[in-house]
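What follows is a single structure, written as structure tokens, with notes after it.
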Amino acid sequence: MSDDNNTKKVHGTVAEYTSVDTLLDACRRIRDAGYTKTDAFTPFPVHGIDAALGIKPTKLPWIALAGGLTGLTIALMMQIWMNGINYPYIISGKPYISLPAFMPVAFELTILLASFGTFFGMWALNGLPKFSNPIFTDPRFDRATDDRFFLYIDAKDQSYDQAGAEKLLADTGTEYINTVVEDDSPTQIPKFLITTLITVIALSFIPALILARMRVTTSSKPRFHIFPDMDFSPARDAQQTTTLFADNRAMRPDVPGTIARGDMEDDLDFLTGIKMESLALQQINKERQLVALYPQGEDEEKPSEAAAEQGDGPEKSVMDTTPWVETNPVELTSQFVRQGQAQFNIYCSTCHGRDGRGNGLVHQRAQQIMASSWIPPASMHQDTLYSDQYPDGKLFNTISNGIRKMPGYAGQIKVRDRWAIVAYVRALQQSQNASLDFVPDSQQETIKTRKAEVEKMLKEQAEAEKKKEQERATKA
Amino acid sequence: MSLAIPNGLDNTKERPGQRAPLVLGDTTYHDITETVCRVAERPPGANWFAGFLVAFALMNLLGVCIAYLIYTGVGVWGNAAPVFWGWPIVNFVFWVGIGHAGTLISAILFLFRQEWRTSINRAAEAMTIFAVACAGTFPGIHVGRAWLAFWLAPYPSLNLWMWPQFRSPLLWDVFAVSTYGTVSLLFWYMGMVPDLATFRDRSKNKWRRMAYGILALGWSGSSRHWMRYEKAYALLAAFAAPLVLSVHTIVSFDFAVSQVPGWHTTIFPPYFVAGAIFSGFAMVLTLMVPARSMLGLEKLITIRHLENMCKIILATGSIVGLAYGTEFFIAWYGQVPEEQFAFLNRALGPYWWAYLTMVSCNVLSPQLFWFKKFRTTPVLIVIVCIFVNIGMWFERFVIVVTSLSRDYLPSAWSYFSPTWVDWAMLIGSFGLFFTLFLLFCKLMPVINMAETKATLAKQYHMAHEQE
């Protein structure tokens with residue numbers, strides 16, 4: 001080996017040790033001797049060697065931080081752009097840019113890029129991968145990854161001279177000292193590796209090229225379907241034929257015993273509030289019958305009424321020839337009226353008020369904000385809405401189909417419940433003109449006492465007011 | 001430099017004022033290299049071949065099933081109204097959970113300076129990667145048109161003109177599991193590089209030397225490299241630790257974000273994570289105990305290692321048991337009738353047998369680890385761990401199937417039955433897992449030699465100071 005050393009470039013000197021302690025001692029010695037371009041090679045990380053050799057801490061954590069921040073930024077920008085700006089997904093009223101929902105992906109990408117920064121940053125800072133290293137030429141160096149410890153002084157060090165370095169190392173309890181010389185093993189990549197690589201790359205293009213060609217090619221032949229993707233669906237339009245069924249009809253007849261939606265309800269008077277037989281007897285044209293069957297709301301609205309901002313119910317005018325059902329078809333019981341009260345309080349009271357005077361919360365709010373297009377809800381207690389002028393059927397129909405600003409409630413409230421509301425409205429109306437006879441005997445006394453109390457209170461208040469006025473007058 | 005232990009191979013006895021040795025016998029640095037390298041350098045034995053053939057056949061069964069599924073459609077599974085998430089998701093969650101022990105051992109125990117992890121972390125990390133590979137298979141093929149699964153990726157599509165929906169837990173899953181797989185792979189590979197360099201330096205064969213040479217990236221063991229390497233390892237551990245918690249949390253969101261009774265609960269993230277660690281440790285032990293004796297690693301993977309893992313299984317198993325109880329309590333306390341029904345139905349409904357299996361395997365069987373005899377006898381450990389694995393598979397089955405088969409509408413209730421494809425895929429996924437694991441045992445360093453040597457150096461140092 002010494003013959004070669006004369007002709008080859010010297011890279012440095014290496015010494016071998018058998019234990020961590022001797023290695024650490026030697027490291028301190030050469031550090032104190034002023035060598036800076038030194039390194040130790042150990043099979044496992046030796047703690048305290050950084051100080052012993054004078055190795056500075058790495059800036060790797062900063063690379064990791066930069067990677068993590070990049071990941072976070074990319075993730076947030078990507079999600080905000082894709083789901084909030086470029087292609088806003090409408091999902092049950094959730095905000096387009098929804099940071100809580102974007103957090104999982106943001107977290108994952110932060111970790112991913114921070115890990116990439118750490119992993120690739122570490123190899124880059126270490127100058128790896130590097131498959132040729134002069135120190136590997138020493139056959140004993142194979143044990144650096146097994147159980148031996150090596151200390152190396154680089155020839156580039158300012159105070160390096162071969163003999164001096166060897167002398168210094170010989171003193172440190174080393175087993176073996178060697179000079180690291182240039183690596184003369186061939187540096188070229190073997191030909192077969194290059195050939196294989198080129199072949200693999202070339203072959204890998206083929207599938208992509210076939211796909212690209214298939215995408216642009218024009219051909220009269222049908223497409224080749226690897227996955228049919230439901231392109232050939234046996235679905236047919238209503239009047240077409242099909243071979244799927246023996247009768248060749250694509251449209252299938254109803255299964256015996258099927259009842260179509262809505263066919264179960266046959267009492268039209270009950271459903272519409274209109275006497276259907278009378279309606280049929282009226283010699284009016286067909287369209288009008290149909291419209292009456294399914295009134296649109298504004299149909300009943302007279303132009304004069306719409307002009308008048310006053311929200312009174314439609315009068316029983318000469319124009320209204322509809323044969324309304326006069327009385328509630330459901331038998332009136334206290335339970336039924338209470339049911340109506342519950343429904344009225346749920347659906348009607350928001351506008352009409354719980355007492356039916358047309359001063360519900362929605363109305364109050366409309367007044368507050370001075371909503372210009374607001375039509376005040378009707379009071380239930382005006383004469384025009386009493387049963388002698390406004391039949392139960394008509395009231396029912398108004399609830400079902402709406403009137404003016406009021407939408408139809410047929411969709412929300414069941415038929416029977418709408419009749420119950422009608423019953424309750426009638427009860428509300430009666431309550432305003434009730435005499436004491438309506439009250440059960442047992443409660444009449446209480447009502448009388450209460451009435452007397454209230455009258456007394458009012459009287460006192462009036463007197464107090466009068467007194468004040470007099471005082472003010474005398475003062476003045 | 002002798003560190004012989006008076007009790008022979010038993011290092012489970014506590015000796016006051018002294019740390020229990022983690023490497024046994026009269027072991028030197030070179031002995032560690034010899035023990036570990038021999039596993040890969042020896043030609044594989046008959047046992048290995050037999051195991052590999054079985055596993056390989058099962059893996060091919062999985063491949064055939066996947067081909068059949070893609071060709072025919074997902075109808076070959078038992079998934080049908082109302083259980084549209086059947087075994088594929090059960091298997092997915094099961095396998096993702098198995099993976100967690102690897103990262104937990106390598107990252108969290110590393111951060112807590114638990115040195116007993118050193119000789120088991122490598123195999124556990126490998127297990128993580130293979131389990132994630134098995135897990136990834138299932139969502140990949142369950143999307144129906146599997147050849148269009150790439151639509152999940154946020155790429156500028158010229159055909160669709162649209163982007164993925166980032167508010168969906170299913171998309172979070174894609175990011176979580178792929179990030180988890182990638183970071184675990186980096187962590188595993190980076191940890192292996194110094195050991196691959198050992199393999200390279202010991203190779204006599206030119207091809208072997210070249211292959212390991214490329215994999216070792218020219219690692220020389222330089223102290224400067226070690227310094228950056230250790231920093232990088234600590235950083236990756238710090239990143240992987242929250243990652244492992246986040247992954248199963250996000251997997252649990254698949255369920256918790258829905259409104260299905262029995263799924264819509266905030267307990268799912270911690271409960272899933274605990275269950276994942278529980279099943280993962282059970283799988284590590286199921287693999288390591290036989291591997292340890294077959295590969296002759298008793299001195300490095302000691303009874304103390306096994307005992308420590310058993311203690312973790314006992315702890316996490318009890319957490320899982322507590323979670324089962326809490327679910328019932330909240331169902332009662334929350335006063336949501338559907339929720340109450342869902343839990344009564346789990347325990348007493350048509351799947352009572354699955355619930356019973358789950359509770360007896362997951363809650364009762366690990367309680368045996370209170371007894372030292374069970375913690376230190378390898379055969380008993382393996383038996384309990386196999387029960388735990390069965391129990392954890394059933395836990396996912398119970399969660400997925402019972403909730404879906406009976407939700408709000410009694411008219412839509414149905415009983416789920418798997419098909420032969422479901423069975424073949426579950427078995428086949430074990431084939432894939434074991435094939436990869438057996439290859440790993442033969443080709444890669446099964447034990448982290450560098451770190452184990454560092455542990456040994458510490459033992460020497462401590463022995464030195466005592467003298």
Side-chain angles (χ1 to χ4, degrees), chain A residues 19-21 39-47 49-50 53 55 57-58 60-61 64 68 78-79 82-83 86-87 89 91 94 98 101-102 104-105 107-109 111-112 114-116 118-119 121-123 125-126 128-133 135-136 141-147 150 226-227 229, chain B residues 28-30 33 70 145 147 154 161-167 169 171-172 175-176 179-180 182-183 186-187 190 194-195 197-198 200-202 213-214 217-232 235-236 239-240 242-243 246 250 253 449-451 453-454 457 460-461 464:
Chain A
S19 82
V20 175
D21 296 331
D39 207 345
F41 297 88
T42 54
F44 54 84
V46 172
H47 288 270
I49 206 160
D50 301 353
L53 274 177
I55 300 175
T58 169
L60 189 64
M78 171 177 82
Q79 294 180 84
M82 290 180 185
N83 274 188
N86 187 247
Y87 194 94
Y89 275 92
I91 307 280
K94 290 175 193 163
S98 151
F102 292 169
V105 171
F107 175 80
E108 299 300 333
L109 280 188
I111 296 281
L112 183 68
S115 303
F116 278 158
T118 311
F119 182 80
M122 188 268 287
W123 297 122
L125 290 175
N126 281 347
L128 296 179
K130 180 178 158 199
F131 297 107
S132 170
N133 191 337
I135 205 164
F136 286 163
F141 193 76
D142 277 353
R143 292 187 75 176
T145 54
D146 180 4
D147 60 346
F150 291 83
I226 302 173
F227 300 110
D229 270 352
Chain B
T28 62
Y29 300 133
H30 185 65
T33 316
I70 290 178
R145 290 192 280 170
W147 53 96
W161 295 112
M162 63 198 286
W163 299 111
Q165 213 308 56
F166 282 104
R167 277 164 291 177
L171 192 64
W172 305 344
F175 279 83
T179 300
Y180 184 52
T182 313
V183 174
L186 295 182
F187 200 41
M190 197 185 94
D195 292 348
T198 310
R200 172 197 65 199
D201 291 341
R202 283 174 59 96
I214 290 170
L217 304 175
W219 180 262
S220 59
S222 150
S223 290
R224 284 162 212 283
H225 292 183
W226 272 122
M227 185 262 297
R228 293 192 193 101
Y229 174 92
E230 284 202 287
K231 183 64 90 181
L235 282 173
L236 277 189
F239 298 146
L243 185 63
S246 87
I250 290 176
F253 284 166
M449 290 184 268
E451 277 193 30
K453 284 173 194 167
Y460 280 144
H461 190 69
H464 202 61

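Chain identifiers are assigned alphabetically (A, B, ...) following the order of the sequence lines, protein sequences preceding nucleic acid strands; residue numbering begins at 1 within each chain.
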Restricting to non-hydrogen atoms, name the atom on [X] and the atom on [Y] that form the minimum distance, rounded to 0.1 Å.
X: Ala450(B); Y: Pro43(A); result: CB-O, 3.6 Å
X: His225(B); Y: Asn126(A); result: NE2-O, 2.9 Å
X: Leu235(B); Y: Ala64(A); result: CD1-CB, 4.0 Å
X: Arg228(B); Y: Met122(A); result: O-CG, 3.7 Å
X: Thr179(B); Y: Glu108(A); result: CG2-O, 3.5 Å
X: Ile111(A); Y: Phe239(B); result: CD1-O, 3.6 Å

Region of Leu112(A) in contact with chain B, defined by heavy-atom distances below 4.5 Å: both
Interchain contact, Ser98(A) with chain B, by part (heavy-atom threshold 4.5 Å): side chain
For the pair Trp219(B) (side chain) and Thr145(A) (backbone), establish whether a donor and an acceptor sit closer than 3.5 Å, ignoring hydrogens and angles. no
Look only at the side chain of Trp226(B) and the backbone of Val46(A), and say whether a donor-acceptor pair between them is shorter than 3.5 Å. no
Minimum side-chain heavy-atom gap Phe44(A)-Met449(B) below 4.5 Å: no
Do Phe107(A) and Pro242(B) have side-chain heavy atoms sitting under 4.5 Å apart? yes
Under a 4.5 Å cutoff for heavy-atom pairs, which residue among [options] has the most contacts with chain A?
options: Glu451(B), Arg224(B), Lys231(B); value: Arg224(B)
options: Gly221(B), Ala454(B), Ala197(B); value: Gly221(B)
options: Leu186(B), Leu236(B), Thr182(B); value: Leu186(B)
options: Ser223(B), Gly218(B), Pro154(B); value: Ser223(B)

Chain B interface, residue from Ala101(A), Pro45(A), Pro104(A) that has the most non-hydrogen pairs under 4.5 Å: Pro45(A)
Counting heavy-atom pairs under 4.5 Å with chain B, the top scorer among Gly121(A), Gly68(A), Ala114(A) is Ala114(A)
[X], part contacting chain A, at a heavy-atom distance under 4.5 Å:
X: Ile250(B); result: side chain
X: Ser220(B); result: both
X: Pro169(B); result: neither
X: Arg145(B); result: side chain

Asn83(A)-Trp163(B) side chain donor-acceptor pair, cut-off 3.5 Å: no
Return the OH to CD distance between Tyr89(A) and Gln165(B), rounded to the nearest 0.5 Å. 6.0 Å
How many angstroms lie between CE in Met190(B) and OG1 in Thr118(A), if you round to the nearest 0.5 Å? 8.5 Å
